[in-house]
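In what follows, a single structure is set out as structure tokens and then discussed.
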Amino acid sequence: MNKPTLAAAFQSSVRDEALTLLSRLGVSEEALAAHGVPARSPITGEIVAHVRETTTQEAQDAIGRAHRAFLAWRKVPAPRRGELVRLLGEELRAAKADLGRLVTLEAGKIVSEGLGEVQEMIDICDFAVGLSRQLYGLTIATERADHRMMETWHPLGVCGVISAFNFPVAVWSWNAALAFVCGDSVVWKPSEKTPLTALATQALVRRAMARFGPEAPEGLSEVLIGGREIGEALVDDDRVPVVSATGSTAMGRQVGPRLAARFARAILELGGNNAALVCPSADLDLTLRAVAFAAIGTAGQRCTTLRRLFVHESVYDAFVPKLRRVYETVTIGDPRAEGVLVGPLIDRAAFEAMERALDEAASVGGTVHGGGRVEDGPGGPEAFYVRPALVEMPAQIGPMVRETFAPILYVMRYRDLDEAIRLHNGVGAGLSSSIFTLDMREAETFLSVAGSDCGIANVNIGPSGAEIGGAFGGEKETGGGREAGSDSWKAYMRRATNTINYGTALPLAQGVKFEVKGAL
């Protein structure tokens, strides 16, 4: 009898651990299936479970339940709705280790990033609980005597959420925590690449709802498992007045017009070809550490990953060789292992896209450092561990103007700040950006109307790792949507302007006269 190979034992350990975590997190066996949507771990490339796929009819039924739940939930006072989110935050705190570990197994993130994603969910719950007592309108000055004018905010309806694999649970929470306190129900279609973490999150929501009591109606939170057809069912349903969709710009070009055709709201979080500037006065040690995390972290699979770096010619030769050494020595491997900083790409398609981009960069004169598959990496033939690539480019051409969802950093020299800002803004996406400088004028110029055209602009930190307190999102081909903090909550509510006449006269605005003869 042949003994089990080390690779087989490795795959079995991932599968067994994932199933154990699902059980502890409260996912029912009915959610799994002998056949269905395959849930792979990029750590090994193997299927760890199959998840029962939602049919189109089941999706319509779920949206119907969510609509009925909204009709009840909108009448629950907002601070009381906040109590449900507070309980969800408690469930997430109790399950942080397990859910974070499941994120690592299913998305391939290193341990601290898996745990950090769950912490982000906890943070947005805390934010939303406070928000439940701060859904403020305005009192507005009126030109008419004995009148009062104000605005009020009301729940909007069913909120659809379509999320991507790279943040399989956090992006849902940015939307759901706010939607719940705003009085909306939520229907979530997670990425078909990461269904297990979605099922686990839904189980935690159900625990919170059970603790909350009967005021939390059935259907308040629904999950749809499937591919494009299920996403289209959510996007096209008239009972869903707002859809938050995270993914590629190509996906947004499909989703946006479909929502517009029925006058639904779109919160689009799309591509991000993010850049940073390294100026003559930059603290190069701080810059090196910030660039390394932003460009290499999460194996280059963040929407805020640093993909373009413009380095002033006066510091280029001092900085770039040090950055190359970081790329040469960074630890790649099983993301569960201590000291590993770069785990696997999500799948073969991501690896092939990276290879094509590097080939194209070389063909237009780029000098490629690193890249390529780690042949002795853990896992089987469908596990794709790669060396991060640093590419010195002669100009902003070829693949540099497009986002490749992989750890590729394109580097260029620049001579003056205006030139660098022009290059920075010279791509379609407009998500996140950074400048590294100790010169106040350079920093303020970058943040000004004449500087970065992105939704996020930072000074002396990288473009990734946003906190939930700020509104998250970008401009241009990034879609223009905003999620998480600041006043992003307004996207999940409808505004009404109210005018109350408490007098006996009926003055009209703008001095209009309209006297009806024969009136009593």
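- Checked against salt bridge (Lys or Arg N to Asp or Glu O under 4.0 Å), Asp359 has no partners two or more places apart in sequence or in another chain.
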* **Derivation and outcome, salt bridge (Lys or Arg N to Asp or Glu O under 4.0 Å), residues Arg207 and Glu90** => CA-CA 10 Å; Arg207 286 183 189 174; Glu90 286 188 354; over 6 Å; no

* Going through the checks in order, is the salt bridge (Lys or Arg N to Asp or Glu O under 4.0 Å) test met by Glu382 and Arg348? -> CA-CA 7 Å; Glu382 294 303 312; Arg348 178 181 292 276; 2.7 Å; yes

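- Counted within 6.0 Å of CD on Glu467, heavy atoms from surrounding residues, nucleotides or ligands total 12 or fewer; the atom is thus considered open.
- Screening residues 287-301 for salt bridge (charged side-chain N to carboxylate O under 4.0 Å, His left out) gives Asp285-Arg289 as the qualifying pairs, with residues at least two apart or on separate chains.
- Ring centroids of Phe319 and His312 are separated by 6.0 Å or more, keeping the two rings apart.
- In the model, Thr304 has no side-chain atom that pairs as donor or acceptor with a side-chain atom of Ser432 under 3.5 Å.
- Tyr410 is linked by a ring pair (Phe, Tyr, Trp, His ring centres under 6.0 Å) to nothing, counting only residues two or more places apart in sequence or in another chain.
- Lys189 places a side-chain N or O within donor-acceptor distance of the main-chain N or O of Gly226, the cut-off being under 3.5 Å.
- Rounded to the nearest 0.5 Å, atoms CG (Leu390) and CD1 (Ile296) are 8.5 Å apart.
- Using a 4.0 Å cut-off between a side-chain N of Lys or Arg and a carboxylate O of Asp or Glu, Glu58 and Arg52 qualify as a salt bridge.
- Of the possible donor and acceptor atoms, one in the side chain of Ser41 sits under 3.5 Å from a partner among the backbone N and O of Ile43.
- In this structure, Val242 and Ile267 have side chains that are in contact, with non-hydrogen atoms separated by less than 4.5 Å.
- A cation-pi contact, defined as under 6.0 Å to the ring centre and within 45° of the axis, links Arg373 to Phe351.
- Of all heavy-atom pairs spanning Ala471 and Arg482, the tightest one is CB-CD, 4.0 Å.
- Between Arg387 and Ile332 the shortest side-chain heavy-atom distance falls below 4.5 Å.
- Classification of Arg413 and Asp317 as a salt-bridged pair holds, one side-chain N sitting under 4.0 Å from a carboxylate O.
- The shortest distance between side-chain heavy atoms of Trp172 and Ile162 does not fall below 4.5 Å.
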* Residues Asp347, Arg40; criterion salt bridge (Lys or Arg N to Asp or Glu O under 4.0 Å); working and verdict -> CA-CA 9 Å; Asp347 57 19; Arg40 291 183 181 271; over 6 Å; no

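- Under the 3.5 Å distance criterion, the side-chain polar atoms of Thr201 are left unmatched by any main-chain donor or acceptor of Val169.
- Every residue was checked against the side chain to side chain contact (heavy atoms under 4.5 Å, CB included) condition with Ser23, not counting sequence neighbours, and none meets it.
- For the residue pair Thr246/Glu269, the side-chain donor-acceptor check at 3.5 Å is not satisfied.
- In this structure, a donor-acceptor pair under 3.5 Å is present between the side chains of Trp188 and Ser163.
- The two residues Leu115 and Ala97 come nearest to each other via the heavy atoms CD2-CA, 3.9 Å.
- Using a 4.0 Å cut-off between charged nitrogen and carboxylate oxygen, Glu192 and Arg228 do not count as a salt-bridge pair.
- Checked against salt bridge (Lys or Arg N to Asp or Glu O under 4.0 Å), Glu477 has the following partners two or more places apart in sequence or in another chain: Arg253.
- Side-chain contact between Ile124 and Leu178 is present, with at least one heavy-atom pair separated by less than 4.5 Å.
- Judged purely by distance below 3.5 Å, without hydrogens or angles, the side chains of Glu106 and Thr194 never pair a donor atom with an acceptor atom.
- Taking the charged nitrogens against the carboxylate oxygens, Glu91 and Lys96 have no contact shorter than 4.0 Å, which rules out a salt bridge.
- In this structure, the side chain of Thr54 does not engage the main chain of Leu224 through any donor-acceptor pair within 3.5 Å.
- For Ala295, the side chain to side chain contact (heavy atoms under 4.5 Å, CB included) criterion is met by Leu306, Tyr327, Leu409, not counting sequence neighbours.
- Using modelled atom types, no side-chain atom of Glu392 and backbone atom of Met412 make a donor-acceptor pair closer than 3.5 Å.
- A search for salt bridge (Lys or Arg N to Asp or Glu O under 4.0 Å) contacts involving Arg325 returns nothing, not counting sequence neighbours.
- A distance-only check finds a donor-acceptor pair linking the side chain of Lys476 to the backbone of Asn425 [under 3.5 Å].
- Residues that satisfy the ring pair (Phe, Tyr, Trp, His ring centres under 6.0 Å) test with Phe167, not counting sequence neighbours, are absent from this structure.
- With hydrogens and angles ignored, the 3.5 Å screen pairs a side-chain donor or acceptor of Asp283 with a backbone N or O of Leu286.
- The ring pair (Phe, Tyr, Trp, His ring centres under 6.0 Å) check on His369 picks up nothing, with sequence neighbours excluded.
- Of all non-hydrogen atoms in Leu345 and Pro42, the two that sit nearest each other are O-CB, 3.4 Å.
- The closest donor-acceptor contact from the side chain of Asn274 to the backbone of Pro463 lies at 3.5 Å or more, if one exists at all.
- Judged by distance alone, the side chain of Arg307 and the main-chain N or O of Gly300 form a donor-acceptor pair under 3.5 Å.
- With sequence neighbours excluded, the residues that form a side chain to side chain contact (heavy atoms under 4.5 Å, CB included) with Ser112 are Ile110.
- By the 4.5 Å heavy-atom criterion applied to side chains, Leu288 and Leu284 are not counted as neighbours.
- The shortest non-hydrogen separation linking Val391 to Ala361 is CG1-CB, 4.0 Å.
- Between Thr445 and Leu447, the closest side-chain pair of non-hydrogen atoms is not below 4.5 Å.
- Here the straight-line distance linking atom CZ of Arg93 with atom CG of Leu99 works out to 14.0 Å at 0.5 Å rounding.
- Inter-residue side-chain proximity for Val311 and Tyr414 is flagged as unmet; no heavy-atom pair is nearer than 4.5 Å.
- The local environment of CD in Glu352 is crowded, with over 12 non-hydrogen atoms from other residues, nucleotides or ligands closer than 6.0 Å.
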* To do: Check the pair Glu113 / Arg302 against salt bridge (Lys or Arg N to Asp or Glu O under 4.0 Å), numbers first and verdict last.
  => CA-CA 11 Å; Glu113 290 196 65; Arg302 288 180 179 237; 3.0 Å; yes

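- Scanning for ring pair (Phe, Tyr, Trp, His ring centres under 6.0 Å) contacts around Phe180 gives an empty result, with sequence neighbours left out.
- The side-chain heavy atoms of Leu196 and Leu22, taken from C-beta on, include a pair separated by under 4.5 Å.
- At a cut-off of 3.5 Å, with distance as the only test, a side-chain donor of Gln202 or Ser221 sits close to an acceptor on the other residue.
- Atom CZ of Arg206 is surrounded by 12 or fewer heavy atoms from other residues, nucleotides or ligands within 6.0 Å.
- By the side chain to side chain contact (heavy atoms under 4.5 Å, CB included) test, Arg101 pairs with Glu17, Leu21, Val111, Arg336, sequence neighbours left out.
- Asn460 contributes a side-chain N or O that, together with a main-chain N or O of Thr437, makes up a donor-acceptor pair within less than 3.5 Å.
- For the residue pair Cys303 and Leu431, the shortest heavy atom distance occurs at O-CD2, 3.2 Å.
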